[in-house]
Amino acid sequence: MKDQTLLPLYNKDKQSDLPHPPPQGSQDGASSAGTHAHARRVYIETYGCQMNVSDSELMAGILTQSGHQTVSHLDDADVVLVNTCAIRENAETKVINRLKHLNHRKRRHPELIIGVCGCMAQHLRDKLLDTAPYVDLVMGPDAYRNLPVALDSLARGVESHVSLTDRDPFLGLRLDKNEDYADIAPIRKEGIRAWLTIQRGCDKMCTFCIVPFVRGRERSLPLKLLVEDVEKLVDQGFKEVVLLGQTVNSYHDDSADFGDLLYAVGDVNGLERLRFTSPHPADATDSMIDAMASSPSVCKHLHLPLQSGSTEVLDRMRRTYTAEEYRSLVLKLRERIPDIALTTDIIVGFCGETDAEFMETYQMMADIRYDSAFMFKYSEREGTLAHKALPDDVPETVKGERLEQIIKLQESISADINSAAVGGTVPVLVEGESRRDADRYHGKTDGFKTAVFPKSDSGIGAVVNVRIDNTTAHTLIGQVV
Ligand code: 5AD
């Protein structure tokens, strides 16, 4: 099983090379909702961020509720739904290549229904059908309720032997600011960590970002419902819950803000750990910081996307904070929560970025010393504000060189921070068997570092104290004490 890491809302490209494993609901068995005239076996393949993983769980819930079943192998499926990402160009290229591959299969099995869902579907819309005319279904993130209707209508086409080229594709592309899927029970992968979407959409309008255009306006789910959801997750055996939102800390429900939500959810009996991703620095309120400092279950790890260390670049990005404000926020966080782990996202080569502006990012990373960082070259996205107003004028080679420089810097900082942990003992929540060694477990520290250690009597789901003997830039290696 793939290690589900807590990443920012979008996995770095290396991680999204591999699709996430599909949610496995009523797999390989009768659907809980009983028989269905056109019951389909659906394989869901997920690319991109945790929000997509969570959306795939929602899709599995919607399908199962209406009598379909999800399967864990493509070979067993008569429908494949590819849940996609549009954040950078290479995320889309990867999906196009995957679709070509699926089309080979469809040539051999013409009854196979191929659906493209999620952000890339919303971004490319019907243009996707020019590139991949064999796609039967194009559906954006707010239209998943229509999945059963879509599958029924497509199944009728298949059953009446309408030739592949004459089948009408099903398009579901309306963004709906009222859609929060609050009534849908997602079907989650088993494990110790559950993802819980607390907010959909984004109102921030960063100039580089496609998200507001493919996920629509921001909307929060009711606090009372979220607390009930977490109670249910704990009852189901989950130890850790990760709250998800595009700018998760702009959450609000009437007078309750994100800090109130952290307190309320953090108080749920039996919940070991509470995390969230990704917050926006401009919404890092005292109420959020208080809850992180005082609620025992809230992990002391903050993924705080910086994007750039230059106030001028931040201004062109419309990030709504200056480099100085970000630095002050980090100071305040470290004062209130001295052992906080900080991670970030950085974009290099954004429109007009000069050498000097890039060096401000480099210096900021050197000063702040993040525990880890996701670093990207700017990728122009059609439809964004930057695409309309700012030339993508930093040469590709310069973007590459800048990326290399900060990766090198960050690797050495991460390695230093980790090696300082040697000799100390840290609580680790055991997640599963190490992929490389069946005699060892892996788990996460409170600060979201991966720890690997020989198996002991306490198994998956337990919190064990691990003494760190050895480290790399990415892993802590030790013994249970
Ligand atoms: N180009 C490169 N990186 C981007 N991100 C978002 N949009 C783009 C883009 N157009 C990065 C940001 C964000 C992370 C999820 O992805 O760093 O925080």
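Quantities reported herein were computed from a predicted structural model and do not represent experimental measurements. Counting convention: from 1, in listed order, for ligands and their atoms alike.
Against a heavy-atom cut-off of under 4.0 Å, Phe376 is close to the following atoms of ligand 1: 3 (N), 11 (C), 14 (C), 16 (O), 17 (O). Close contacts between ligand 1 and Arg381 involve ligand atoms 10 (N) [criterion: under 4.0 Å to a heavy atom]. The distance from ligand 1 to the heavy atoms of Gln307 drops below 4.0 Å at these ligand atoms: 12 (C), 13 (C), 17 (O), 18 (O). Under a 4.0 Å criterion applied to the non-hydrogen atoms of Lys377, ligand 1 contributes the atoms 1 (N), 2 (C). Listed by number with element, the atoms of ligand 1 under 4.0 Å from a non-hydrogen atom of Arg88 are 1 (N), 2 (C), 3 (N), 4 (C), 5 (N), 11 (C), 16 (O).
Side chain of Arg174 to main chain of Ala143: no donor-acceptor pair is present (N/O by atom type, distance under 3.5 Å, no hydrogens or angles). Checked by atom type and distance alone, the side chain of Tyr144 never pairs as donor or acceptor with a backbone atom of Ser56 at under 3.5 Å. Under a 3.5 Å cut-off, the side chain of Arg316 and the backbone N or O of Gly352 do form a donor-acceptor pair.
Checking Asp183, Asp180, Asp176 one by one against Arg145, the salt bridge (charged side-chain N to carboxylate O under 4.0 Å, His left out) holds for a single residue, Asp183. Partner of Asp203 under the salt bridge (charged side-chain N to carboxylate O under 4.0 Å, His left out) criterion, chosen from Arg217, Arg215, Lys177: Arg217.
By the 30° and 60° cut-offs, the orientation of the rings of Phe374 relative to Phe376 is parallel.
The residue Thr384 has no part lying near ligand 1, judged by heavy-atom distances below 4.0 Å. Heavy atoms from both the backbone and the side chain of Phe208 come within less than 4.0 Å of ligand 1.
In terms of polar-atom proximity, defined here as any N/O pair under 3.5 Å, Glu380 makes no such contact with ligand 1. Note: no N/O pair closer than 3.5 Å links Tyr378 and ligand 1 by distance alone.
Both tests do not hold together for Arg275 against Phe448: distance to the six-membered ring centre under 6.0 Å, angle to the ring axis within 45°.
Of the candidates Val211, Asp345, Ile210, Thr207, it is Asp345 that places a heavy atom closest to atom 14 (C) of ligand 1.
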